[in-house]
Amino acid sequence: MTSDASSSMPMTLDDLPPAGFHSKLALISAGGPFCDGYILGIIGIALPSIVRELHLTGVETGLVGAAALLGVLAGGMLGGAVSDRLGRRPLFTLNIAAFVVFSLLQGVGSSLLLLVSLRFLLGVAVGADYPIATSYVTEFMPRKLRGPVLSGLILAWWMGYTASYAVGYGLSFFPDMSWRIMLVSSAVPSLVLFCLRMGLPESPRWLVQQGRTEDARNVIRAHLKTDILPRAESQGQLSLLQIIRSPYRGTLMFVSAFWILQSAPGFAIHTLQAQLLHQYHVQNALLGSFCITGLTILGILPVTLGLINLVGRRLLLIGTFAISMAGLLLLGISPHPANWMIFSGFILYSISEAAGSGLQFVYPNELFPTAIRASAVGMACSFSRLGAALGTFLLPLGYARFGMQPMMLTAAGFMLAGLMISWIWAPETKNASLGEPPSLAEPSSSSICAS
């Protein structure tokens, strides 16, 4: 073999050219976030009917609506930790089986306690899928596909969320259609995904980390058609508490901070979009909310199609925080903004926030080693959902007490904090090898570096 030919051969799994298996895995992995978005979104359409039939109080209504989100907090922690110990493949399939079972059981729910319990358990399964699916796909993807595919999982979530509203809205035209049918409908995409995920192999990187080298070699030969074997990484297994105390605590701080600062105002604004437009005295606020929400795809789609590799992770994070802040300032600069300012501000914020959210699965998966990747992603996800829950709870209280202008300026302050954190600490990982990600530890004045 000539030296030119040998030099052109990939040296690591990161350097492999895209193959059919990578495309198949990307599509199947995206099914998880799609189902996640559907499960979390369908309750918004079904809730008015649930309230009428079960005669729920305000507190009980909030409990039904928040039950799944509370489950996500627990599921992120639990799913990541279990996946790091037992492997990606078992939970990658069993987690979707939980989607199917708990979705179907919602159809027999006749009490508030049972419904809340099922929504919570569904939330646990949703939260668990974030670290499981993202770690699994990360450990198979070559470097040039990793960013677009991981950000594509966020796009899939939005597609599932939008699909749930479309299905729920369609079913609402049938007066005899029970809210139970709406909730049960999430079992359909979940069952399809369960069948697709059956038979997928274990992550070779996880197998090598467990000392199962020959098993990893067999997976790589069968599915990636190469003999390249990833080396074992030096970082061993750590518990959740040990991760917080380890040199990776700086990494966890950075990832959790930017994810929380994106999610806290983002989830609240998207969830309460129609109410916010109504507060600004916009006519047909529901239609306006639908149009603004639909435009979020203009933010995340270019990221998925390659923008994340073109501009890099660091510049994308900094830029989206800056543009999001500009949109919110446009909303908060005047106590009585004109309609063009209202729609321009919300559209600018929604598009840039969606683009930045594409990094929520990318950064944590690229920055943590295989042994603790899922655990760390799960922790960061859980912290972000806590911020989202608090933001969604506090935003309506805030605009009722203080008005819209102070709340939009407060949200802009979140974006400014995210901008500063990103400028100081965000690394560039687009060219990093997965086995040797940039090591982040304690925050410094210019970067987060190994201590």
Discussion item. Side chain to side chain contact (heavy atoms under 4.5 Å, CB included), that's the test. Do Leu25 and Tyr136 meet it? Break it down for me.
Written reply: CA-CA 9 Å; Leu25 183 60; Tyr136 187 81; 3.2 Å; yes
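- Looking at Ser83, its side chain never comes within 3.5 Å of a backbone N or O of Gly80 through a donor-acceptor pair.
- Side-chain atoms of Asn365 never come within 3.5 Å of backbone atoms of Thr138 as a donor-acceptor pair (strictly under, hydrogens ignored).
- One finds the CG atom of Leu105 at 12.0 Å from the CG atom of Leu183 (value rounded to the nearest 0.5 Å).
- Taking Phe99 as the reference, nothing meets the ring-ring contact (aromatic ring centres under 6.0 Å, His included) condition, with sequence neighbours excluded.
- Around the CZ atom of Phe383, the shell of radius 6.0 Å holds more than 12 heavy atoms that belong to other residues, nucleotides or ligands.
- The two residues Asn309 and Lys144 come nearest to each other via the heavy atoms ND2-O, 2.8 Å.
- Interatomic distance, Cys35 SG to Leu193 CG, rounded to the nearest 0.5 Å: 5.0 Å.
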Discussion item. What verdict does the side chain to side chain contact (heavy atoms under 4.5 Å, CB included) test give for Ser186 and Gln106, after you've listed the backbone C-alpha separation in whole Å, the side-chain angles of each residue and the deciding distance to 0.1 Å?
Written reply: CA-CA 10 Å; Ser186 61; Gln106 291 177 113; 4.2 Å; yes
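- Residue Gly306 comes nearest to Pro148 through the heavy atom pair CA-CG, 4.5 Å, listed as atom of the first residue, atom of the second, then distance.
- Using a distance-only test at 3.5 Å, with no hydrogens or angles considered, a donor-acceptor pair links the side chain of Ser111 to the main chain of Leu114.
- Of all heavy-atom pairs between Pro204 and Ala216, the closest is O-CB, 3.6 Å.
- Although no hydrogens or angles enter the test, the distance criterion places a donor-acceptor pair under 3.5 Å between the side chain of Ser422 and the main chain of Gly418.
- The two residues Ala26 and Val149 have their closest heavy-atom pair at CB-CG1, 3.9 Å.
- Using a 30° and 60° split on the angle between ring planes, Phe258 and Phe254 fall in the tilted class, from 30° to 60°.
- In this structure, OG1 in Thr304 is found 10.0 Å from CG in Leu150, a value given to the nearest 0.5 Å.
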Practice prompt. Check the pair Glu139 / Trp206 against side-chain hydrogen bond (donor to acceptor under 3.5 Å, both in side chains), numbers first and verdict last.
Written response: CA-CA 8 Å; Glu139 291 164 10; Trp206 183 85; over 6 Å; no
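- Judged purely by atom type and a 3.5 angstrom limit, Gln405 uses its side chain to pair as donor or acceptor with the backbone of Gly332.
- Heavy-atom contacts from other residues, nucleotides or ligands closer than 6.0 Å to CG of Leu298 number more than 12.
- For Ile342, the side chain to side chain contact (heavy atoms under 4.5 Å, CB included) partners at least two apart in sequence or on another chain are Leu277, Tyr280, Val282, Leu331, Pro337, Asn339, Phe346.
- Under a cut-off of 6.0 angstrom, the local environment of CE in Met404 is crowded, with over 12 non-hydrogen atoms contributed by other residues, nucleotides or ligands.
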Item to complete: In sequence, state the C-alpha distance, the side-chain angles, and the governing distance for Phe140 and Phe21, and then conclude on ring pair (Phe, Tyr, Trp, His ring centres under 6.0 Å).
Response: CA-CA 9 Å; Phe140 271 104; Phe21 177 75; 5.3 Å; yes
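- With salt bridges taken as basic N to acidic carboxylate O contacts below 4.0 Å, one links Glu366 and Arg313.
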Worksheet entry | side chain to side chain contact (heavy atoms under 4.5 Å, CB included) between Tyr248 and Leu367, intermediate numbers included | CA-CA 9 Å; Tyr248 287 96; Leu367 289 173; over 6 Å; no
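- Taking the centre and axis of the six-membered ring of Trp423, the NZ or CZ atom of Arg314 falls inside the cone set by 45° and 6.0 Å.
- Using modelled atom types, one finds a donor on one side chain and an acceptor on the other under 3.5 Å when comparing Tyr38 with Ser185.
- Proximity of a side-chain donor or acceptor of Ser246 to a complementary backbone N or O of Ile243 within less than 3.5 Å is detected.
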Practice prompt. Decide side chain to side chain contact (heavy atoms under 4.5 Å, CB included) for Glu53 and Arg180; before the verdict, give the C-alpha distance in whole Å, the side-chain angles of both, and the deciding distance to 0.1 Å.
Written response: CA-CA 11 Å; Glu53 182 173 325; Arg180 293 176 179 83; 2.9 Å; yes
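- With rounding to the nearest 0.5 Å, the separation of CG in Leu122 from CD1 in Ile42 is 12.0 Å.
- Taking the centre and axis of the six-membered ring of Phe92, the NZ or CZ atom of Arg197 falls inside the cone set by 45° and 6.0 Å.
- Judged by distance alone, the side chain of Arg119 and the main-chain N or O of Leu115 form no donor-acceptor pair under 3.5 Å.
- Distance check: Ile50 CD1 to Ile43 CD1 gives 4.0 Å after rounding to the nearest 0.5 Å.
- Residue pairs meeting the side-chain hydrogen bond (donor to acceptor under 3.5 Å, both in side chains) criterion with at least one partner in residues 343-355, sequence neighbours excluded, are His270-Glu353, Ser324-Ser352.
- Classified by interplanar angle (parallel below 30°, tilted 30° to 60°, perpendicular above 60°), the ring pair Phe361/Trp259 is perpendicular.
- With hydrogens and angles disregarded, a donor-acceptor distance shorter than 3.5 Å links the side chain of Arg373 to the backbone of Phe368.
- In this structure a side-chain-to-backbone donor-acceptor pair under 3.5 Å is present from Tyr363 to Pro427.
- Here the CZ atom belonging to Arg89 is positioned 9.5 Å from the CG atom belonging to Leu94, to the nearest 0.5 angstrom.
- Within the 3.5 Å criterion, the main-chain N or O of Ile96 finds no donor-acceptor partner in the side chain of Asp129.
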